[in-house]
Asker: 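Quick one: this structure, given as structure tokens, is what I'll be asking you about.
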Amino acid sequence: MTEQNEKQTKRLVVRLATAAIAMFGFGFALVPLYDVFCEITGLNGKNFNQGPAKVSSVDRSRTVKIQFVTVNPASMPWEFKPNERSIRVFPGQDRQTAFYARNPTAHWMVAQAVPSVTPSEAAPYLHKVNCFCFDRQPLEAGADIEMPLLFVVDPKLPEHISTITLSYALYDLTEKQNVTHTIPNKNKGQVTL
Amino acid sequence: MTKAITLAISLIAAPASADWQINMNQGVTALSREIFDLHMLIFWICVVIGVAVFGVMFYSIFKFRKSKGAVAEHWHENTTVEVVWTVIPSIILIAMAIPATATLMDMYDTSEADVEIQVTGHQWKWRYQYLDEDIDFFSNLATSRQEITNEAAKNPNYLLEVDNPLVIPANKKVRFLITANDVIHSWWVPHFAVKKDAIPGFINESWVKVEEPGVYRGQCTELCGKDHGFMPIVVEVKSEADYQQWVSDQRAMKLAMAGEASKEFSMNELVAKGEGVYNTACAGCHQPNGQGIPGAFPAITGSTIATGAIDTHVDIIINGKSGTAMQAFREQLSAVDIAAVVTYQRNALGNSVGDLVQPNTIKN
Amino acid sequence: MKIWVLAICSVMASFLGVQSNANRERDFEHGRFSVFVVAGLLMTLIFLLSVYGLVQLAMMYVQ
Amino acid sequence: MATVDVDLPHVKEEDQHHHGPAKGLGRWLYTTNHKDIGSMYLIFSLCMFMIGGIMALIIRAELFQPGLQLVEPNFFNQMTTMHGLIMVFGAVMPAFVGLANWMIPMQVGAPDMALPRMNNWSFWILPFAFLILLSSLFMPGGAPNFGWTFYAPLSTTYAPESVTFFIFGVHIMGASSIMGAINIIATILNMRAPGMTLLRMPLFVWTWLITAFLLIAVMPVLAGVVTMMLMDIHFGTSFFNAAGGGDPVLFQHVFWFFGHPEVYIMILPAFGIISEIIPTFARKRLFGYASMVYAVASIALLSFVVWAHHMFTVGMPLVGEVFFMFATMLIAVPTGVKVFNWVATMFRGSLTFETPMLFALAFVVLFTIGGFSGLMLAIAPADFQYHDTYFVVAHFHYVLVPGAIFSIMAATYYWLPKWTGHQLNETMGKIHFWLSFVGVNITFFPMHFVGLAGMPRRIPDYALQFADFNSMASVGAFIFGFSQLVFIYNVIQNVRVGEKATAQVWEGAQGLEWTVPSPAPYHTFSTPPKVD
């Protein structure tokens, strides 16, 4: 290998190695990129818009059926169900409802509700003004609670969508109290003891 | 010799018996037939291109042999020919994309549904909740363990039969809200051409409008652990009237169950009922003989819980043990079932503690 | 500017999968590697956007 | 193929002797010689092919009849997972790296690889990576049982403890592949003999250059995804755990972003090998060399935009489904059409049918069948019926077994006389070919039928209607499995005995590697050859 060749090879190898490390970083960058992509397209029913929604007008020409569904994942013993199974709202109209939760076990527990919307096309149009899924919900042994949800449907919802289903999976976080959130998600509140 | 002949015949003629089914199910919905037509269309396109390509290839293999004195020519480039044989398949594919997009858009139809059912995938069973009625049950594999371990003959619906099938009305749009409890499953009924992944923490939807009443069978299609192959899906499609009849039967049964829970049971009534519940709900992990699998699932025989205080035993069955594979059976088993299986575990499988628990102590 | 146009044509030819020997020799004698990489990434982006446009078109048209 | 009319360099006899290979085990442990390292890669790949094959036979033995006869479901899942991992990362990729190590320096006229020491290291960490992976079979809770695609949360929250060993194994395999890729790019770009311009490079070298760039782009992403798994399992993060704000579908997107270029990594070198073999035995130059090079180059970029066709049923919005369907169909054309180039090479050629040519022809026919079923899978609505059934299993086994594995066997039979200096035993070669050809088709063709009929993937037991085709597939699997013993016999036999092979070996062979004597001396092209 001539002298000049060696220098060339060294330069090329350094460039290729940095490319490999850059792609390793890109693998991790895919995580926030995925969240941004979800926010735009509502991919996988993820729903990010929290807080007061600046809605122009109430569109009384059509009603949208909002359905509530609950799931207790991974042997979560709490009793957890919506007070109203499904309701009809006008797009742009603020609506309040509540979810009932009871901790039947003999020890203190804390849980986190994870929302998901279907059809995923409708996810960007469902604004959760105030939701119990913003914070972790602690419950003493045997206690129960009415958890509020205030939401509004954006009038710009496409015409062909007439039913939106909002599901909540209630996860038990009692052991994993100190689980730091992977992505600084806006809706991660503190444990209210 | 006869085997070879049947084999040869089966490859050519589409056989009537299901043992040699070689093609996709046409299904019982408009969509599944549309998908079948798309499948056959792309299949015949591939066959035509294949025959052309392999034709030329086998022709050259037989015609241009060195042993037959063929001398190789020296041309090795012709971009126009290459452009032609690239553009033509592209045009065919683009033509193919139009009907495919149309079918896909039909599948994503979001019109109002008549019946809405929440389908939740659990590790190794399905849970069906009718959102409009108060019906909620689990659908477990009904094939007996003896059939699986070849100790008994296999019935025709081997591994495709459940204890509580999902019941839906015919000619009505039924919307499924599909999610999972633990790992990713996938809800698939080949005759409906409906397949949707059940993802924990997220909800997916799919729908079906079945034209002919009947029983249609499917299976979980995403690897979900040990018994992934043993959580089938059975859907009974009934006519509108039969469906309403079934719904009212379910309601009546629910009331009866509530009434029964306040009854007092004798020891051997509980143990007898408990054995059935044990074999459906617990034997999967704790094994039919109660020995469990060392390192994975604890044994029931001589277990400190099963022979210790009765309320810790009841508590672990109702609320499960988080962080382990032991599920909370509160919603899966009725009070009667729980009382029966607790009494069975304490007075069988090598344990003989002698006490029992009544369903109404479970209820409060 | 000319080498950019040639590079883009070559990349389009490679997306189609057809290229003449003459063009290939021209590309490898005069073309610069970095130009081809940039042209390739650019054309991939254009391919993405055009397929996305095709999708929107198909969605409206086949409604 | 570049026409290289070079006069036979007179390799001085004594030049060969005084720095031949060291003696004993040290030779293999400390070797920096590309031929020794190539041989080690190929032998390692053959061992992994056997281990993966045994697992495949266990799977097919269990699936021979309905009912659980041989293994219990959890162990069956471990077998399917390990079979996938060992075949993909242990048999196919190291075999291609071994062929690259052996042939690329000789084909471009380089004395050795650009970074010989790194070359040694990137081989020697592989056996340890697979030792780590295989040792998890004997750990409490068993080996990984969540499929070679290791979807979360089955592979994170619900995995056996051995998942951490799986993660470190994948890290080390990834490191080995990245170092190998850097080495190959440096050798190809910097160490070509004067006169061997990029224009004249053989197609095997071209396809490996593109594969190396793909490897450098995607293996780090795989390392990233397994590191995210490691953090989820041990450090309490929630990348893929919905409870902490993560998303299991995120895992599938990142995995398949690596996954689809990975399947091209496993087939492009095969395109290169077949483009070397068919012109030799057709005695006619490859038709459309430029088109082949440009089409393969376009895959380096286009393979990154189609990953989600593995996820049509995960619940993507309509726009996503239609986009990935269109993109997949559009990029399928330039690659699929390359099959026509091979057929055009054979047209009006002068063909003979030695063993390498038989394997190459079988590749063209059977890989095209796999390509067609791939085209059917690209139709999103139809994929709702195909996804995760045995139709998909049939598809990827048709592109991998008669695809990658047959091309590796064709390459081995093609270059073996150059490596060992002995002529091939044609009859044994043909016995191996016909047994494998029959075995592969009896094994995998019925899988199309049971897949379409509704049999899901990765199940240890099935309903009665799938019984007959499954028993056929199992019989085929045993035929194919045991016919590989004939392959091992052929290779060992060729190493020890056989008439002296000429330098040219095959009458139609072109290329620098055929200008060195057979067996290829320990150091070739110490002085760069004259290529005009």
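All values below were derived from every heavy atom in this structure, side-chain atoms included, with hydrogens, water molecules and symmetry-related copies excluded.
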Asker: Any idea which of B:Leu223, B:Thr103, B:Leu159 has the most non-hydrogen atom pairs under 4.5 angstrom with chain D?
Answerer: B:Leu223
Asker: Assert yes or no for the condition that the ring centre distance of B:Trp85 to D:Phe287 is strictly below 6.0 Å.
Answerer: yes
Asker: For B:Phe54, is it the side chain, the backbone, both, or neither that has a heavy atom closer than 4.5 Å to a heavy atom of chain D?
Answerer: side chain
Asker: Which bit of D:Ala152 is near chain B, if near means a heavy-atom gap under 4.5 Å: side chain, backbone, both or neither?
Answerer: backbone
Asker: For D:Gly454 versus B:Gln219, what's the shortest heavy-atom pair and its separation?
Answerer: O-OE1, 4.1 Å
Asker: Please classify the contact between B:Leu160 and chain D as side chain, backbone, both or neither, with a heavy-atom cut-off of under 4.5 Å.
Answerer: side chain
Asker: Side chain, backbone, both or neither: which part of B:Phe230 has a heavy atom under 4.5 Å from chain D?
Answerer: side chain
Asker: Which one wins on heavy-atom pair count under 4.5 Å against chain B: D:Asp383, D:Val322, D:Val333, D:Thr368?
Answerer: D:Val333
Asker: Against chain D, label B:Pro232 side chain, backbone, both or neither, depending on which of its atoms sit under 4.5 Å from a heavy atom there.
Answerer: neither
Asker: Flag the one option from D:Thr156, D:Leu351, D:Ile459 with the top tally of heavy-atom pairs under 4.5 Å to chain B.
Answerer: D:Leu351
Asker: May I ask you to list the residues in residues 70-78 of chain D that approach chain B closer than 4.5 angstrom, counting heavy atoms only, ordered by number?
Answerer: D:Pro73, D:Asn74, D:Asn77
Asker: Can you tell which of D:Lys284, D:Arg283, D:Gln385 has the highest number of heavy-atom pairs within less than 4.5 Å of chain B?
Answerer: D:Gln385
Asker: Closest heavy-atom contact between D:Val314 and B:Ile199?
Answerer: O-CD1, 3.5 Å
Asker: Name the region of B:Asn157, side chain, backbone, both or neither, that has any atom closer than 4.5 Å to a heavy atom of chain D.
Answerer: neither
Asker: At a 4.5 Å cut-off on heavy atoms, which part of B:Asp106 comes close to chain D: side chain, backbone, both, or neither?
Answerer: neither
Asker: Let me know if B:Val71 has heavy atoms under 4.5 Å from chain D in its side chain, its backbone, both or neither.
Answerer: backbone
Asker: Indicate whether the side chain of B:Glu82 and that of D:Asn341 have a donor and an acceptor atom separated by less than 3.5 Å.
Answerer: yes
Asker: Apply side-chain hydrogen bond (donor to acceptor under 3.5 Å, both in side chains) to the pair B:Tyr108 and D:Glu321, showing each step before the final yes or no.
Answerer: CA-CA 11 Å; B:Tyr108 275 70; D:Glu321 301 251 340; 3.1 Å; yes
Asker: Measuring heavy-atom distances to chain D, does B:Met57 have an atom under 4.5 Å in its side chain, in its backbone, in both, or in neither?
Answerer: both
Asker: Which of the residues D:Pro456, D:Pro381, D:Ala282 is involved in the greatest number of heavy-atom pairs with chain B at under 4.5 angstrom?
Answerer: D:Pro381
Asker: For B:Gln21 and D:Phe469, which heavy atoms make the closest approach, and how far apart are they?
Answerer: O-CE1, 3.7 Å
Asker: Which atoms of B:Leu41 are under 4.5 Å from chain D, going by heavy atoms: the side chain, the backbone, both sets, or neither?
Answerer: neither
Asker: Go through the atoms of B:Ile45 and report whether side chain, backbone, both or neither lie under 4.5 Å from a heavy atom of chain D.
Answerer: neither
